[in-house]
Amino acid sequence: MTFTLTPPASFSLPAVVRSHGWIQMSPFSETPDHGLSYIIRLNTGKVLRFEVHAIGDTLRVDSTELLLEPEQTELSRHITWMLDLEQDFTEFYALARDEPKLARMVERKAGRVLRSPTLFEDVVRTLLTTNTLWKHTLRMCRELTSRYGDPLPCEPELYAFPTPENLARVDEPTLREGCRMGYRAPYVTELSQRVTSGELDLEILKTSQLTTLELRNELMTIKGVGGYAAANLLMLLGRYDYVPVDSWALKVVSNEFFNGEKVTPKQVLETFVRWGKWQGLAYWFWDWSPEL
DNA sequence: GGTAGACCTGGACGC
DNA sequence: GCGTCCAGGTCTACC
């Protein structure tokens, strides 16, 4: 079935889809027209694949399954969140236009960051990005999804991302060996159990009134979430006060601002501090010079 | 508050 | 084929 959504004026579907590496991780994929494809499990337990295509000024959503009205409402809510349709970037764009290294992202209507439907899923994905190579992150995510996600009825070889309940049931050694997640396995197990038991409500953080610092502290109570992961998750929550400093950040900032000299995480943070509450976005969408 | 070492996986490299 | 080294963030213990 098909329905439509109306995006804000300054919106580009390809810009969101390609905003970062999530699109390469299962069950995300990019459609040939640079739209979004994703396999989701709704609250009713229904598993479906949906595609979002930009058609003129609207977004067309195609679903592999027929949806009841509450299911369509739920799916619309998820897509609105995933594509960050409600965020207003007017203030940031006004600042970014005067910075040659950000002017291009304004032209491309970039700034929105692709999200998973749930924060639980984004935390798990982020845990899988830490202390490993991107290739291995993709493998771990693929294994996790295909082993513990619910299958798509019309293409049972494809799966939705596993729910907290699914992952809470998997014992840690199985997760460790099956998905070759190493020491990350107990982090994912503990997170899944905390969410399933109700001890940790991640979804409430999406609309939290906490300050960014308080939100950061809350995220860092999750085992395996340190400074980089918390900053990354804050970006996904629409808070851009922190720059996620990883090895790539150290490299590009060194190349761009320090003539290739080795830099510390503190120097990376100082480089973008002038962007205030937008510093994470300025870093993320900076038009980095090619390495010499 | 800062630092060192351990945690894992898998690819590159030398023998 | 085997052993060693390395990259990638976070945690814990220690100072």
Side-chain angles (χ1 to χ4, degrees), chain A residues 20-26 113 115-116 119-148 162 164 167 170-195 199-200 202 205 212-237 239-256 258 260-273 279-280 283-284 286 288 291-292:
Chain A
H20 63 132
W22 264 209
I23 192 66
Q24 297 171 35
M25 296 171 86
S26 55
V113 180
R115 300 153 158 171
S116 304
L119 188 57
F120 167 77
E121 186 176 325
D122 275 337
V123 175
V124 174
R125 288 186 194 284
T126 302
L127 287 174
L128 300 185
T129 67
T130 59
N131 200 25
T132 190
L133 304 176
W134 181 244
K135 189 177 162 187
H136 300 158
T137 296
L138 295 181
R139 179 189 48 71
M140 285 186 267
C141 187
R142 197 168 52 240
E143 292 284 351
L144 203 61
T145 305
S146 61
R147 284 170 184 269
Y148 307 115
L167 289 179
V170 185
D171 63 280
E172 184 202 307
T174 307
L175 206 54
R176 185 185 283 262
E177 288 152 29
C179 301
R180 284 172 291 167
M181 287 171 60
Y183 67 89
R184 297 170 199 82
Y187 297 161
V188 171
T189 301
E190 188 186 310
L191 172 70
S192 306
Q193 288 171 348
R194 285 182 69 194
V195 170
E199 181 206 327
L200 179 65
L202 287 173
L205 298 184
T212 306
L213 178 61
E214 289 168 337
L215 206 46
R216 182 175 186 265
N217 291 338
E218 182 70 25
L219 290 168
M220 287 178 75
T221 66
I222 301 168
K223 277 275 180 63
V225 174
Y228 158 78
N232 194 60
L233 289 165
L234 285 171
M235 291 276 296
L236 293 168
L237 285 167
R239 307 283 191 110
Y240 312 111
D241 318 40
Y242 290 88
V243 172
V245 182
D246 58 3
S247 55
W248 188 78
L250 295 171
K251 205 167 145 185
V252 290
V253 169
S254 157
N255 182 48
E256 183 91 12
F258 294 88
E261 280 180 34
K262 195 175 175 187
V263 297
T264 63
K266 199 177 162 198
Q267 284 174 297
V268 174
L269 299 177
E270 285 167 357
T271 302
F272 284 93
V273 76
Q279 52 193 293
Y283 158 77
W284 198 291
W286 198 259
W288 299 103
E291 282 187 67
L292 301 174

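Bear in mind that the values here come from a model prediction, so they are computed numbers and not experimental data. The sequence lines fix the lettering, A, B, ..., with proteins before strands; numbering per chain opens at 1.
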**Student:** Look at the side chain of A:Arg239 and the backbone N and O of A:Arg216, then say whether any donor-acceptor pair between them is shorter than 3.5 Å.
**Tutor:**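 Not a single qualifying donor-acceptor pair exists.
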
**Student:** Can you check the A:Ile222 CD1 to C:dT10 C1' distance for me, whole Å?
**Tutor:**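 Atom-to-atom, A:Ile222 to C:dT10, this comes out as 13 Å.
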
**Student:** Determine yes or no for a side-chain-to-main-chain donor-acceptor pair under 3.5 angstrom, with A:Arg125 supplying the side chain and A:Trp22 the backbone.
**Tutor:**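 Checking the backbone N and O of A:Trp22 against the side chain of A:Arg125, no donor-acceptor pair under 3.5 Å is found.
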
**Student:** C:dG9 P sits how many Å from A:Asn232 CG, rounded?
**Tutor:**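 Atom CG in A:Asn232 sits about 11 Å away from atom P in C:dG9.
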
**Student:** Does A:Glu143 come within less than 4.0 Å of A:Arg139, counting only side-chain N to carboxylate O?
**Tutor:**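 Here A:Glu143 does not pair with A:Arg139 in a salt bridge, since their nearest N and O are not under 4.0 Å apart.
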
**Student:** Any donor and acceptor pair, going by atom type alone, linking the side chain of A:Gln279 with main-chain N or O of A:Tyr242 inside 3.5 Å?
**Tutor:**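 It does not hold such a pair.
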
**Student:** Can you tell me how far apart OG1 (A:Thr137) and CG (A:Leu127) are? Round to the nearest 0.5 Å.
**Tutor:**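 Nearest 0.5 Å value for the OG1-CG distance: 10.5 Å.
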
**Student:** Please list, in numerical order, the residues of residues 121-134 of chain A that have a heavy atom closer than 4.0 Å to any atom of DNA chain C.
**Tutor:**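 Heavy-atom contacts with DNA chain C come from A:Thr130, A:Asn131, A:Thr132.
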
**Student:** Ignoring hydrogens and angles, are the base of C:dG8 and the side chain of A:Tyr228 linked by a donor-acceptor pair under 3.5 Å?
**Tutor:**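 Under the 3.5 Å cut-off, the side chain and the base do not form any donor-acceptor pair.
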
**Student:** I would like to know whether A:Leu219 and A:Leu205 meet side-chain contact (heavy atoms from CB on, under 4.5 Å); could you show each step before the answer?
**Tutor:** CA-CA 9 Å; A:Leu219 290 168; A:Leu205 298 184; 4.1 Å; yes

**Student:** Round to a whole Å and report the spacing from CG of A:Leu219 to C1' of C:dG9.
**Tutor:**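 Rounding to the nearest Å, CG of A:Leu219 and C1' of C:dG9 are 16 Å apart.
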
**Student:** Where does the angle between the aromatic ring planes of A:Trp286 and A:Trp288 fall among parallel (under 30°), tilted (30 to 60°) and perpendicular (over 60°)?
**Tutor:**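 Tilted: the ring planes of A:Trp286 and A:Trp288 meet at 30° to 60°.
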
**Student:** Measure from CZ on A:Arg139 to P on C:dG8 and round the result to the nearest Å.
**Tutor:**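 The answer, rounded to whole Å, is 17 Å.
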
**Student:** From the 5' end of DNA chain B to its 3' end, which nucleotides mark the outer limits of contact with chain A, defined by a 4.0 Å heavy-atom distance cut-off (strictly under)?
**Tutor:**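 In short, chain A contacts DNA chain B from B:dC7 to B:dG11.
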
**Student:** Treating A:Arg184 as the side-chain partner and A:Asn131 as the backbone partner, does any N or O pair qualify as donor plus acceptor under 3.5 Å?
**Tutor:**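 Yes.
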
